[in-house]
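Right, I'll just put the structure down here and ask away after.
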Amino acid sequence: MSAPPHPEAPEPGAPSPRVLAGLAHEVDVLLRRVDGLDPLTGRVDRLEEMAARMADTVKSVVGRKQKLPAPSWLLAPAETAEVAGLLDELTAWLGAVFLRYPDGASVLPECWLWHPDVVEELLWLAHAWLAAYQGPDASVSAAGDWHDRQRPGVVARIRKSAGSCSIERHQTRPGWSAPGGAPVPVPGLEHAAAITGWWAQHREQVPPEPAPAAAGPIGGVLR
């Protein structure tokens with residue numbers, strides 16, 4: 001009958017203490033490297049979220065049996081959920097596509113959300129991209145038109161209308177004029193009734209003469 005194994009002897013086939021120590025060291029090194037990647041985790045999660053939203057948007061576009069017009073920011077429904085959906089899709093596309101172009105990243109001001117015309121431009125440009133790349137009529141020529149004409153045109157108009165703007169210009173401060181971004185009143189509405197009657201019944205005749213403007217004070221005396 002053979003003697004029992006020594007208590008400190010390793011089990012048959014078990015790794016030696018030296019091997020175990022080496023594995024423990026490698027695990028410790030890997031854990032330190034993973035800890036160093038923590039700041040990147042948020043970015044990766046954000047990119048995955050954006051990709052998922054873009055995939056949903058693309059799937060909805062591809063599944064359409066007929067062409068649909070691009071949504072409008074200026075005429076968006078007065079419902080928070082609808083507006084939030086438009087903005088979620090747009091911001092995902094901005095990060096995935098538009099801001100990948102250096103001129104796009106440099107021209108878009110921090111206050112772009114305060115410029116309805118800029119949001120409108122970016123919204124239709126995003127849907128033009130979807131149609132060119134993912135829609136039922138996607139083609140190389142449509143993608144080329146997006147690159148050669150549509151995207152540069154939007155970039156140029158954003159640069160002209162809001163390229164030099166900033167968040168501070170939308171804040172009210174003593175001595176400053178009113179912040180920009182408010183809707184501009186439609187001029188000439190006081191003449192709408194006269195034009196309606198003329199265009200509806202007498203458009204072949206000379207248009208009505210505009211009514212004189214209201215008299216204003218000059219030096220404190222009404223003219």
Residue pair Ala162 / Val118: nearest heavy atoms and the distance that separates them: CB-CG2, 4.0 Å

message: Any carboxylate oxygen within less than 4.0 angstrom of a Lys/Arg side-chain nitrogen, looking at Arg157 and Asp117?
response: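 Not counted as a salt bridge, because no side-chain N and carboxylate O are separated by less than 4.0 Å.
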
query: Under 4.5 Å between any side-chain heavy atoms of Pro71 and His127, yes or no?
result: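 SC-SC contact between Pro71 and His127 confirmed.
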
task: Would you please test Trp93 and Leu125 for side-chain contact (heavy atoms from CB on, under 4.5 Å) and show each step?
output: CA-CA 10 Å; Trp93 179 82; Leu125 186 66; 3.9 Å; yes

Worked check of side-chain contact (heavy atoms from CB on, under 4.5 Å) between Leu108 and Leu122: CA-CA 10 Å; Leu108 194 64; Leu122 293 171; 3.8 Å; yes

query: Is there a side-chain contact between Trp112 and Ile158 (heavy atoms, below 4.5 Å)?
result: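 No, their side chains stay 4.5 Å or more apart.
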
field: Side-chain heavy-atom pair Cys165, His170 within 4.5 angstrom cut-off
entry: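 A side-chain contact under 4.5 Å exists here.
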
message: Side chains of Gln150 and Trp124, heavy atoms from C-beta outward: is any pair under 4.5 Å?
response: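 In contact.
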
message: How long is the straight-line distance from OH of Tyr133 back to CH2 of Trp146, given to the nearest 0.5 Å?
response: 6.5 Å

message: Quick check against the 3.5 Å criterion: does Glu82 have a side-chain atom that pairs as donor or acceptor with the backbone of Pro77?
response: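 Such a contact is absent between Glu82 side chain and Pro77 backbone.
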
- prompt: CZ of Arg151 to CZ of Phe98: how many Å apart, nearest 0.5 Å?
  reply: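 With rounding to 0.5 Å, CZ (Arg151) is 6.5 Å from CZ (Phe98).
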
query: Just by modelled atom types, is the Val154 backbone N or O under 3.5 Å from a matching donor or acceptor in the Glu121 side chain?
result: no

Interatomic spacing from OG in Ser139 to CG in Asp145 - rounded to 0.5 Å: 9.0 Å

- request: List the atom of Leu99, the atom of Gly104, and the distance in Å for their closest heavy-atom pair.
  value: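 Taking Leu99 first and Gly104 second, the nearest heavy atoms are CD2-O, 4.0 Å.
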
Sub-4.5 Å side-chain heavy-atom contact between Ser166 and Glu110: no

query: Got Trp129 and His147 here, is their nearest side-chain heavy-atom distance under 4.5 Å?
result: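 Side-chain contact under 4.5 Å: no.
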
task: Kindly check if the number of other-residue, nucleotide or ligand heavy atoms within 6.0 Å of CD (Glu190) is above 12?
output: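 For Glu190, atom CD is crowded (more than 12 foreign heavy atoms under 6.0 Å).
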
- request: Search all heavy atoms of Pro208 against all heavy atoms of Ala194 and return the closest pair with its distance.
  value: CG-O, 3.9 Å

statement: Residues Arg203 and Ala200: closest non-hydrogen pair is NH2-CA, 4.3 Å

query: Which is it for Leu87 and Leu113 under the side-chain contact (heavy atoms from CB on, under 4.5 Å) test, yes or no, and what are the steps along the way?
result: CA-CA 10 Å; Leu87 203 54; Leu113 284 169; 3.6 Å; yes

Pairwise distance CG(Leu86) to CD(Glu79) - rounded to 0.5 angstrom: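 One finds 11.0 Å between CG of Leu86 and CD of Glu79.
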
query: Can you tell me how far the CG atom of Leu90 sits from the CD atom of Glu120, to the nearest 0.5 Å?
result: 10.5 Å

message: Please report the interatomic distance CD(Glu89) to CG(Leu130), rounded to the nearest 0.5 Å.
response: 8.0 Å

query: Checking side-chain contact (heavy atoms from CB on, under 4.5 Å) for the pair Ser72/Leu123: CA distance, chi angles, key distance, verdict?
result: CA-CA 7 Å; Ser72 172; Leu123 194 58; 5.9 Å; no

